[in-house]
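Below, each value reflects all heavy atoms present in this structure, side chains not excepted, and no hydrogens, waters or symmetry copies. No experiment lies behind these values; they were computed from the predicted model shown. Letters A, B, ... mirror the listed sequences (proteins, then strands); counts begin at 1.
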Protein chains: 2
Amino acid sequence: MATIYDVAKAAGVSPKTVSRVMNGDAPVNEKTREAVEAAMASLNYSPSSAARAMRSQRSGLIGMITGAISTTHQFEDTGLPEIYLVQGAQRVIAQSNRTLLIADSGGQADRIPALLQTFREHRVEGVLYVAEYHREVGLPANLRDRPIVLVNCFDTDDTPAVLPDDEGGQFALVDGLIKRGHRRIGFLTLPEQQIAHGLRAEGYVRALKTNGIEFDERLMQVGALPIPANEFDLLWDALDRVLRAEPTVICCANDKMAMRVYGLLRERGLAIPRDISVAGYDDYRMIAEHLHPGLTSAQLPYAAMGARAADKLLRLIAGTQRPDEPAHELVSGPVVWRDSVQPRDNTITHLSTRRKDT
Amino acid sequence: MATIYDVAKAAGVSPKTVSRVMNGDAPVNEKTREAVEAAMASLNYSPSSAARAMRSQRSGLIGMITGAISTTHQFEDTGLPEIYLVQGAQRVIAQSNRTLLIADSGGQADRIPALLQTFREHRVEGVLYVAEYHREVGLPANLRDRPIVLVNCFDTDDTPAVLPDDEGGQFALVDGLIKRGHRRIGFLTLPEQQIAHGLRAEGYVRALKTNGIEFDERLMQVGALPIPANEFDLLWDALDRVLRAEPTVICCANDKMAMRVYGLLRERGLAIPRDISVAGYDDYRMIAEHLHPGLTSAQLPYAAMGARAADKLLRLIAGTQRPDEPAHELVSGPVVWRDSVQPRDNTITHLSTRRKDT
DNA sequence: TGCGTATATGACACCGATGTCATGACATCG
DNA sequence: CGATGTCATGACATCGGTGTCATATACGCA
């Protein structure tokens, strides 16, 4: 590879002048500049980031560690939202003229120390620590020596974190269902020990309360197990109990569960959305868009979380975070309405009457 | 950060001796070694990869460019198999003591030049160029100056490439179906201009021929459009035509299509697999495992492709590729059999008769 | 004309590793 | 006992940029 010395020689100037042309940090004569640029072009010159990093003591690298935390989830498909997170973060980081260094542990937690060591050697300026689902984590000690932002997870030390707004997402979904005329809203939930379960249940209850609907506990049933075991019987029973409470719509804890519920409802001869509406959570487009009918789902805003986390990290690195900036930031996503939810007649009437009123 | 000079001072030796302790390239007295190691530990020292790269002229970096090629697919969810590719490649690359530098264009082709420039500046030793689906690509000129392996794509210049064995995958699936007693096998295909379409059709036909079954063109219908437009009518019509040819099983071009076909078949009152069996392609576990019943699918072996491509690239870099190594390597995946395919009675009879025979 | 100032450029050192070569202390051998 | 070899270690240069400081020329103004 050509170096700055090669360029300098070709252009008949000193290396420092070439440097000035690249960085524009001091005036350079127009003719000199042209000669240097011609030399750079003809030699196909790229400056060495290693040399720059060494001199400037800034690597220009941001580390992201993914697939990292669980020791068990190599047995399960996490749904791969990480790629969206990566894209969101990458966009922001590229704007700051830095490069994202991604380390994916492939779900093997014992690889993490080696990955962190790599980060240290590359002198990453900050770290994005990504969990595969909303959870609490304990941070490795050797992550504490540089700026870090947790994504989709949090710890007990108020380390800066970016989290999905599960409460708000479920609220928006259920509130939207009510606005569309549903009043008996089934809810097949996540396992109770999951963080997201509690938050979403709160969102569900708040939406009912806001709209003056009484909570019926028979409508809310746990639909999944913490371990991806054979959950099918559980889901079948849970659905059975929910259906006995006569819902007009069933909210599922995630799109995968909704996909299963599609099958179960059809086995019972119920047509979606004619006989019953269904909603999911996550908005995995691979599922939600391709199910028939399209699945209404509250979006887990992974791309936005990635971008927000990168932004927060860059401010931490620059030391310019706002004084009022909270350690934990919630990111909300929209509800994507598709055909799996059918407005109930009473709404339509309601809306049309309204329209007359105004 | 502590440097090798800090460690040397703390241990009372020269920097070069510290270097020797780290690299073991020359004998070091046992006591000295211990002193140095203690100093390294107490200073929490990590060697600077920038300095090493500069001195050794080897960056230890491999670049991977993903989501790169299409200008349009930001509108569509590609199914995100890239993360598996990354994991497969990362595993192999980590073993060679290198680091994977990933650049994801987020589907915006105009970002690629900037990403490649970043790779050049970081002096990546080789590049993995990943396409989002099996296709032909034209390579940017500035990728030609270092080792490169194409993944999931190929060009006209015999650039080394790693590709999925679409023909073999479809063959194995259809052959397996026949072994399970199916003889009338519907096939809803990809758009005809896709590379995978032709290959899989060949695999389908070969499986029939191998088993002495005549090809019935009514059983093979295009089920998807090249652009993710409203494909629904197309799929409906295609399915309709296939069903009129009385298949006992329907092969879908991918798992997304299979997911839709589940819905369409059920609308027609057909139960899977009792009335008709269904198979997919890709084995997206997020879909295949969670559909009810579980979807039989031929696996697109992304993790294996990533590993194979990394391996090939490392050999290219080392200059040790085998002389007989073909430019294009096919990677086969298994067929994952799940409950969406029901063996036909005649097989069972057939098998049991056989068993008596032998 | 002489001096201050802005413009344009170069010499040199330095960032943190490591390859090369030199050196000193012992051990071994003829 | 001196020559030779091995072991252990250090001095110094180098990789490719850039910060600092010096220098040279041109220009404006008293």
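The backbone N or O of B:Ala131 sits less than 3.5 Å from a side-chain atom of B:Asn152, completing a donor-acceptor pair. No donor-acceptor distance shorter than 3.5 angstrom exists from the side chain of B:Thr320 to the backbone of B:Leu316, with no hydrogens or angles considered.
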**Message:** With side chain to side chain contact (heavy atoms under 4.5 Å, CB included) as the criterion, how do A:Arg98 and A:Leu100 come out once you've worked through the C-alpha distance, each side chain's angles and the decisive distance to 0.1 Å?
**Reply:** CA-CA 7 Å; A:Arg98 274 176 258 243; A:Leu100 190 61; over 6 Å; no
**Message:** Working note: A:Ile102 + A:Val86, criterion side chain to side chain contact (heavy atoms under 4.5 Å, CB included); need CA distance, chi angles, decisive distance, verdict.
**Reply:** CA-CA 9 Å; A:Ile102 301 168; A:Val86 170; 3.6 Å; yes
Would you list the protein and nucleotides 23-26 of chain C atom pairs, both N or O, that sit under 3.5 Å from each other?
none

Considering only nitrogen or oxygen atoms on both sides, find all protein atoms under 3.5 Å from nucleotides 22-26 of chain D and state each distance.
none

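In terms of the salt bridge (charged side-chain N to carboxylate O under 4.0 Å, His left out) criterion, residue partners of A:Arg308 (sequence neighbours excluded) are, by chain and number, A:Glu329. Under the salt bridge (charged side-chain N to carboxylate O under 4.0 Å, His left out) criterion, B:Asp311 pairs with B:Arg315, not counting sequence neighbours. Contacts of B:Asp157 classified as salt bridge (charged side-chain N to carboxylate O under 4.0 Å, His left out), with partners at least two apart in sequence or in another chain: B:Arg144. In this structure, A:Arg146 has no salt bridge (charged side-chain N to carboxylate O under 4.0 Å, His left out) partners at least two apart in sequence or on a different chain.
Evaluation of the side-chain hydrogen bond (donor to acceptor under 3.5 Å, both in side chains) test over residues 46-62 of chain B, restricted to residues two or more places apart or in two chains, returns A:Gln117-B:Ser46, A:Arg120-B:Ser46, A:His122-B:Ser49.
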Which atom pairs, one a donor and one an acceptor, fall under 3.5 Å between side chains of residues 21-35 of chain B and the rest of the protein, sequence neighbours left out?
residue, atom, partner, partner atom, Å
B:Asn23, ND2, B:Ser19, O, 2.9
B:Asn23, ND2, B:Ser19, OG, 3.4
B:Asn29, OD1, B:Lys31, N, 2.8

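The closest side-chain donor-acceptor pair between B:Asp104 and A:Gln90, if any, does not fall under 3.5 angstrom.
Shown for residues 1-8 of chain B: no residue has heavy atoms falling under 4.0 angstrom of DNA chain D. Proximity of residues 34-58 of chain A to DNA chain C (heavy atom under 4.0 angstrom from any strand atom) is restricted to A:Met54, A:Arg55, A:Gln57. Non-hydrogen atoms lying under 4.0 Å from DNA chain C are contributed by B:Lys16, B:Ser19, B:Met22, B:Asn23, B:Asp25, all within residues 16-25 of chain B.
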**Message:** Can you give me the dot-bracket string for DNA chain C, 5' to 3', counting Watson-Crick and G-U wobble pairs with both distances under 3.5 Å, using [ ] for crossing pairs and | for partners on another strand?
**Reply:** ||||||||||||||||||||||||||||||
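Considering every non-hydrogen atom in both B:Leu150 and B:Leu139, the closest pair reads CD2-CD2, 3.8 Å. Nearest heavy-atom pair, B:Asp110 versus B:Pro113, reported as atom, atom and distance to 0.1 Å: O-CD, 3.5 Å. Closest heavy-atom contact between A:Val331 and A:Ala304: CG1-CB, 3.9 Å.
Contact annotation: the side chain of B:Leu61 never approaches that of B:Phe119 to less than 4.5 Å [non-hydrogen atoms, C-beta and beyond].
Remark: A:Leu115 CG to A:Met64 CE distance equals 14.0 Å, nearest 0.5 Å. Within the model, atoms CD1 of B:Ile4 and OG1 of B:Thr17 stand 9.0 Å from one another, a figure rounded to the nearest 0.5 Å.
An OP1 or OP2 oxygen of D:dG17 is reached within less than 4.0 angstrom by a side-chain nitrogen or oxygen of B:Arg123.
Rounded to whole Å, the distance from CD on B:Glu121 to P on D:dG17 is 10 Å.
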